[in-house]
Amino acid sequence: MEKSIYGLLNETEIDFTEYEELKLSSEEKEAHKQRILQEVSRMNQSAGKKSGHRPIWKVAAGMAAACAIGLVTVGITNPALAENMFSSVFGKLIDNTRGEKYEDEDVERFTKIGQKSVDVQQEVDKQQDAETYTTTAECNGVTISVSDIYCDGYVLHYTASLKTEDEGLNQADGIVTQFKEGASEKLSIEGMNDTSGFSRPFERAEDGTFVCANEMDLMSEFGDKSFAPGEEKTIVVNWTIYKLKGSLWDSWDEQGDYMETGTVEGEWHLRFPVTVDTSGNEMFVIDKEENGITVKDVVRTKAGLVVHTELPDFRKEPFNDPYNDPYIGIKDTQGNYLQWMSQKWEEHEDGTSESWIMVLYDGQKELSFEVTNKNVKNPDPNANTDILFQVP
């Protein structure tokens, strides 16, 4: 069975004691980070952003690109190790974020998810009906392939790459996928008709291919079909594309739409299995309350932390928020907000609610759940809530 570079790395035991420990200045840390990104870019040649009913969380600049080996204290002297940190597609996604507004946040997310992902072929090889799956589809000179899969029962992430012989598409900065007009299911999971998703645009990589990372929020979509910690089962994803449109991100037509470089119509149907791996998920009871806000429990997953809370009607005292919509965040001890991944929200008839918020997690032991009025001109300062809790 052919395995991805990252899959091979997962099976490799590394003794970090052989690396010299260094105390690095901020300039040295940045130099090491850029070196890793350059290695990832070279590896590539050889082998859309925020939405939802939530704030755009601040993410502290740091050593996200190097978190696989603790670059804060360990010097990297082995270029091969840097090259093996990510799969080819994740490497291209990371490389594409350089210079972008959300570079630090995207590098952190792609790094963390990439470390815990598996090659799609490994998923297929585990199935007895492997021949029924399609991980690569080719039509009219365009080839689309699924690459990496991450699933912890709360979110599903998968990456894909696109290669094309079409001259118009090859001139694009990105390629937008379109589904059949009027189709009720754009991206779905078999046997669960209430699930659907959307495809992010493919972004051009330095080697001329196009890559994307898609996600499905299993927590809010599945409702009572959620997966219990310790459970492992297989779901099947169907992803069908009928039209590809090349776009230039810095050019617009008279209607204000992105300038098109060309379109290709056809049918690209991908069908692949996903192991819902909750075997490593751990739940910890918290039960801490302040101002009617209760942090009930948390679940630690492979790459995330799900914080379960009970919330009051914020239109009432002491919050007096007419929109019942405060600013909510989860912070570390340095005051940095953890990156938001997904949320399930159930509002009750009396205005109270229950919420499950998933954030990208990197092993922090001490955190706080913050609620801040944002829609009140003269808020009661005592209404702002900061509940401290620990993750064992």
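Values below: all heavy atoms of this structure, side chains included; hydrogens, waters and symmetry mates excluded.
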J.: Is the number of heavy atoms from other residues, nucleotides or ligands within 6.0 Å of NZ (Lys126) greater than 12?
T.: yes
J.: Return the CE to CD1 distance between Met341 and Ile357, rounded to the nearest 0.5 Å.
T.: 13.5 Å
J.: Could you report the tightest heavy-atom contact between Tyr258 and Trp249, atom names first, then the distance?
T.: CE2-O, 3.4 Å
J.: Could you give the distance from CG (Leu270) to CD1 (Ile241), rounded to the nearest 0.5 Å?
T.: 6.5 Å
J.: Decide whether Thr209 and Asp207 meet the rule of one side-chain donor and one side-chain acceptor closer than 3.5 Å.
T.: yes
J.: To the nearest 0.5 Å, what is the distance between NZ on Lys296 and CD1 on Ile286?
T.: 11.5 Å
J.: So does Gly351 get a backbone contact from the side chain of Asn324, meaning a donor-acceptor N/O pair under 3.5 Å?
T.: yes
J.: Hey, do the aromatic rings of Tyr154 and Trp356 have their centres closer than 6.0 Å?
T.: no
J.: What pair of heavy atoms forms the shortest contact from Thr143 to Thr136, and how long is it?
T.: CG2-CG2, 3.5 Å
J.: Could you check Glu366 against Leu388 for side-chain contact (heavy atoms from CB on, under 4.5 Å), going step by step and ending with a plain yes or no?
T.: CA-CA 7 Å; Glu366 297 185 354; Leu388 302 178; over 6 Å; no
J.: Would you find a donor on one side and an acceptor on the other, under 3.5 Å apart, between the side chain of Lys112 and the backbone of Tyr361?
T.: yes
J.: Do Val307 and Val391 land in one hydrophobic cluster if side-chain heavy atoms of ILVMFWY residues count as linked below 4.5 Å?
T.: yes
J.: Which is it for Gln178 and Glu265 under the side-chain contact (heavy atoms from CB on, under 4.5 Å) test, yes or no, and what are the steps along the way?
T.: CA-CA 9 Å; Gln178 295 186 356; Glu265 296 186 8; over 6 Å; no
J.: Is there a path of hydrophobic side-chain contacts, each under 4.5 Å between heavy atoms, that joins Tyr150 and Tyr133?
T.: no
J.: Does the side chain of Ser145 come within less than 4.5 Å of Thr135's, by heavy atoms?
T.: no
J.: Quick one: do Cys212 and Thr177 satisfy side-chain contact (heavy atoms from CB on, under 4.5 Å)? Show the steps, please.
T.: CA-CA 11 Å; Cys212 74; Thr177 62; over 6 Å; no
J.: Is there a donor-acceptor pair closer than 3.5 Å between any side-chain N or O of Asn281 and the backbone N or O of Asp152?
T.: yes
J.: Should we count CD of Gln255 as having more than 12 external heavy atoms under 6.0 Å?
T.: yes
J.: Assess whether side chain to side chain donor-acceptor pair (under 3.5 Å) is satisfied between Glu267 and Thr240, documenting all intermediate values.
T.: CA-CA 7 Å; Glu267 182 172 340; Thr240 305; 5.6 Å; no
J.: Roughly how far, to the nearest 0.5 Å, is CZ of Phe210 from CD1 of Ile144?
T.: 11.5 Å
J.: Give a yes or no answer on whether the side chain of Glu347 reaches the backbone of Trp345 with a donor-acceptor pair at less than 3.5 Å.
T.: no
J.: Got a donor-acceptor contact below 3.5 angstrom from the Asn373 side chain to the Asp321 backbone?
T.: no
J.: For Leu338 and Gln364: C-alpha separation, side-chain torsions, deciding distance, then whether side-chain contact (heavy atoms from CB on, under 4.5 Å) applies.
T.: CA-CA 10 Å; Leu338 275 62; Gln364 298 91 333; 4.2 Å; yes
J.: Test ring-ring contact (aromatic ring centres under 6.0 Å, His included) on Phe284 and Phe389 and set out the steps.
T.: CA-CA 11 Å; Phe284 305 99; Phe389 64 94; over 10 Å; no
J.: Hey, are Asp148 and Ser117 close enough side-chain-wise for a donor-acceptor pair under 3.5 Å?
T.: no
J.: Using every non-hydrogen atom in the two residues, find where Val89 and Ala160 come nearest and quote the distance to one decimal.
T.: CG1-O, 4.1 Å
J.: Tell me if a side-chain donor or acceptor on Thr97 pairs with a main-chain N or O of Ile94 at a distance below 3.5 Å.
T.: yes
J.: Do Thr261 side-chain atoms and Gly168 backbone N/O form a donor-acceptor pair below 3.5 Å?
T.: yes
J.: I'd like to check Val118 versus Glu123 (side-chain heavy atoms, cut-off strictly below 4.5 Å). Are they in contact?
T.: yes
J.: Can you confirm whether Glu167 is buried at CD, in the sense that more than 12 heavy atoms of other residues, nucleotides or ligands lie under 6.0 Å from that atom?
T.: no
J.: Any non-hydrogen side-chain atom of Leu360 less than 4.5 Å from a side-chain atom of Glu105?
T.: no
J.: Should Leu162 and Val176 be counted in the same cluster of Ile, Leu, Val, Met, Phe, Trp and Tyr side chains packed under 4.5 Å apart?
T.: no
J.: Can you check whether Val236's main-chain N or O pairs, donor with acceptor, with Arg271's side chain at less than 3.5 Å?
T.: no
J.: Using only heavy-atom distances, determine whether the side chains of Glu310 and Thr352 contain a donor-acceptor pair under 3.5 Å.
T.: no
J.: Any non-hydrogen side-chain atom of Gln121 less than 4.5 Å from a side-chain atom of Val124?
T.: yes
J.: Is it the case that more than 12 heavy atoms not belonging to Glu165 sit under 6.0 Å from its CD atom?
T.: no
J.: Less than 4.5 Å apart, any side-chain heavy atom of Leu367 and any of Leu305?
T.: yes
J.: Can you tell if the side chain of Lys92 reaches within under 4.5 Å of the side chain of Glu203, non-hydrogen atoms only?
T.: no
J.: Taking the side chain as C-beta and beyond, is there a heavy-atom pair between Pro318 and Asn291 under 4.5 Å?
T.: yes
J.: Starting at NE2 of His157, measure out to CZ of Phe110 and round the result to the nearest 0.5 Å.
T.: 9.5 Å
J.: Quick check for you: to the nearest 0.5 Å, what is the distance between Thr159 atom OG1 and Glu215 atom CD?
T.: 13.0 Å
J.: Any donor-acceptor pair under 3.5 Å linking the side chain of Asp166 with the backbone of Thr263?
T.: no
J.: For a side chain to side chain contact (heavy atoms under 4.5 Å, CB included) with Glu290, tell me which candidate from Val295, Val371, Thr385 qualifies.
T.: Thr385
J.: Would you say Asn96's side chain and Arg204's backbone share a donor-acceptor pair under 3.5 angstrom?
T.: yes
J.: Do the rings of Trp239 and Phe202 sit parallel, tilted or perpendicular, given the 30° and 60° boundaries?
T.: parallel
